Amino acid sequence: QASAQCVNEQEYIGTVESVSLNASHACVLIDGRVYLHQIERGDGKTTIFPRKEDDKSITCASIVGNFLIYAHSNGRLQYYSLIDGQEVNEYKHANGIRKCFPNHEGTRVALIDTSGTAWLYNPINDDCIQIVDFPVTADRILWDSSDSTIFVACDQFNLHTFVYSQVEVGGSGVRSLGDVELGLQWELRIEPSPSPLQHGELADKFEGNFPMSFLFGCIFYHKDLEE
């Protein structure tokens with residue numbers, strides 16, 4: 001069994017709010033600023049965001065693939081290319097952005113703004129649509145690891161499933177497909193009854209570092225199947 005070894009150690013001035021990394025880079029959010037650096041074999045250079053003095057503080061940041069995706073309190077959502085070392089996409093939201101949750105490819109980003117409303121952003125065409133029926137108690141969004149159009153909104157005890165459709169009557173849209181409640185012993189309470197649909201696997205850790213992994217198929221249903 002190979003032994004683990006430290007490949008990089010960094011010291012930051014301030015309280016670390018979040019950390020995101022891929023195989024080559026790491027980003028750390030501290031007091032409204034993002035510190036981006038290579039994990040190993042780097043030149044020791046750290047890039048600090050925001051890069052413009054008139055920008056407001058950064059509220060959230062994630063590394064997805066070859067992109068750093070981050071949002072500001074003034075409503076700007078930006079894509080920074082780790083390969084090219086420059087901004088490649090920018091979107092201006094009507095309200096400040098409190099949290100952002102990109103899917104695994106970065107092709108869709110779920111947003112929660114300062115009004116508590118949730119949105120789904122498409123960087124390809126700059127389309128941003130409201131996520132209807134988004135639960136007010138949800139503070140986190142998790143994407144299906146195999147289907148980039150499916151995600152759940154979750155709080156401490158509930159999971160609410162949504163699916164994004166790029167082409168439907170009236171344009172693209174997001175539909176709510178059901179919810180799952182987590183009991184006090186972390187057992188699943190599924191309403192309505194599960195359907196035989198098969199989807200990707202979701203894995204995450206909830207309060208108390210309890211590992212949670214289950215099939216999305218257990219929380220999906222079609223209304224016509226019930227009827």
Side-chain angles (χ1 to χ4, degrees), residues 6-115 117-131 140-149 151 164 166 172 174:
C6 178
V7 297
N8 192 306
E9 182 176 346
Q10 298 282 336
E11 291 186 3
Y12 305 98
I13 300 176
T15 302
V16 175
E17 300 175 31
S18 68
V19 177
S20 180
L21 69 160
N22 63 7
S24 60
H25 289 76
C27 75
V28 181
L29 177 62
I30 301 175
D31 298 330
R33 292 182 178 271
V34 170
Y35 297 79
L36 173 69
H37 59 80
Q38 290 186 329
I39 295 177
E40 57 181 331
R41 297 188 299 276
D43 54 9
K45 179 182 177 181
T46 298
T47 305
I48 302 176
F49 302 84
R51 309 176 98 181
K52 299 178 181 179
E53 293 297 331
D54 58 345
D55 277 343
K56 300 296 183 180
S57 62
I58 295 176
T59 56
C60 50
S62 300
I63 291 180
V64 178
N66 293 319
F67 297 100
L68 167 66
I69 303 174
Y70 61 99
H72 301 256
S73 59
N74 64 0
R76 289 176 59 192
L77 176 70
Q78 295 181 267
Y79 279 62
Y80 176 85
S81 172
L82 301 178
I83 297 177
D84 300 328
Q86 59 183 1
E87 308 287 346
V88 294
N89 188 70
E90 178 178 316
Y91 164 72
K92 183 64 172 68
H93 192 59
N95 297 318
I97 298 175
R98 186 159 51 91
K99 295 182 179 181
C100 65
F101 305 90
N103 65 11
H104 300 292
E105 294 86 16
T107 56
R108 302 292 183 272
V109 182
L111 310 173
I112 301 177
D113 63 22
T114 52
S115 70
T117 307
W119 306 80
L120 190 64
Y121 171 66
N122 182 347
I124 299 176
N125 57 12
D126 252 8
D127 188 24
C128 192
I129 57 177
Q130 183 177 350
I131 302 175
R140 185 166 37 160
I141 292 174
L142 306 173
W143 287 89
D144 185 335
S145 59
S146 65
D147 190 332
S148 59
T149 66
F151 61 91
Y164 166 74
Q166 185 172 355
S172 57
V174 179

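The model shown is predicted, which means the values in this text are computed figures rather than measured ones.
Shown here for Ala61 and Ser18, the closest heavy-atom pair between the two residues is O-OG, 4.5 Å. Closest approach of Pro102 to Ile69, counting heavy atoms only: CB-CD1, 3.8 Å. For Ser115 against Asn95, the heavy-atom pair with the smallest separation is OG-ND2, 3.8 Å. Across all non-hydrogen atoms, the minimal contact from Pro50 to Ile58 is N-CD1, 3.6 Å. Shown here for Ile63 and Leu36, the closest heavy-atom pair between the two residues is CD1-CD1, 4.0 Å. The two residues Thr107 and Pro123 have their closest heavy-atom pair at O-CD, 3.0 Å.
Between the side chains of Asn122 and Ser172, no donor-acceptor pair is found at a separation under 3.5 Å. Tyr121 and Asp126 share a side-chain donor-acceptor pair at under 3.5 Å.
Looking at Ser57 and Arg33, their side chains never come closer than 4.5 Å, going by heavy atoms from C-beta outward. Here the side chains of Leu111 and Val109 are in contact, with some heavy-atom distance below 4.5 Å. Taking the side chain as every heavy atom from C-beta outward, Thr47 and Leu68 never approach each other to under 4.5 Å. Counting heavy atoms from C-beta outward, Tyr35 and Ile30 have side chains that approach closer than 4.5 Å. Residues His104 and Ser148 have side chains not in contact (no heavy-atom distance under 4.5 Å, counting atoms from C-beta outward).
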*For the pair Arg108 and Trp143, evaluate side-chain contact (heavy atoms from CB on, under 4.5 Å) and give the outcome as yes or no after the intermediate values.*
CA-CA 10 Å; Arg108 302 292 183 272; Trp143 287 89; 3.9 Å; yes
*For Leu77 and His93, what are the C-alpha separation, side-chain angles and deciding distance, and is it a side-chain contact (heavy atoms from CB on, under 4.5 Å)?*
CA-CA 8 Å; Leu77 176 70; His93 192 59; over 6 Å; no
*Should Asn89 and Phe67 be marked as a side-chain contact (heavy atoms from CB on, under 4.5 Å) after you check the CA-CA gap, both sets of side-chain angles, and the distance that decides it?*
CA-CA 10 Å; Asn89 188 70; Phe67 297 100; over 6 Å; no
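Separation of atoms OH (Tyr164) and CD1 (Ile129) is listed at 5.5 Å; rounding is to 0.5 Å. Of the inter-residue distances, the one linking Phe151 atom CZ with Asp144 atom CG reads 11.5 Å to the nearest 0.5 angstrom. The line from CD1 of Ile112 to CD1 of Ile131 is 8.0 Å long, rounded to the nearest 0.5 Å. Here CG of Leu21 is found 4.5 Å from CD1 of Ile39. Values are rounded to the nearest 0.5 Å. Note: Leu120 CG to Phe101 CZ = 12.5 Å, rounded to the nearest 0.5 Å. Expressed to the nearest 0.5 Å, how far OG of Ser24 lies from CG of Asn66 amounts to 7.0 Å.
Annotation: salt bridge (Lys or Arg N to Asp or Glu O under 4.0 Å) contacts involving residues 77-95, sequence neighbours excluded, comprise Arg76-Glu90.
Not a single donor-acceptor pair under 3.5 Å links the side chain of Gln86 to the backbone N or O of Ser81. Side chain of Ser73 to backbone of Gly96: no donor-acceptor contact under 3.5 angstrom is found.
Surrounding CD1 of Ile13 are at most 12 heavy atoms belonging to other residues, nucleotides or ligands under 6.0 Å away.
Not counting sequence neighbours, the partners of Tyr70 by the ring pair (Phe, Tyr, Trp, His ring centres under 6.0 Å) test are Phe49, His72.
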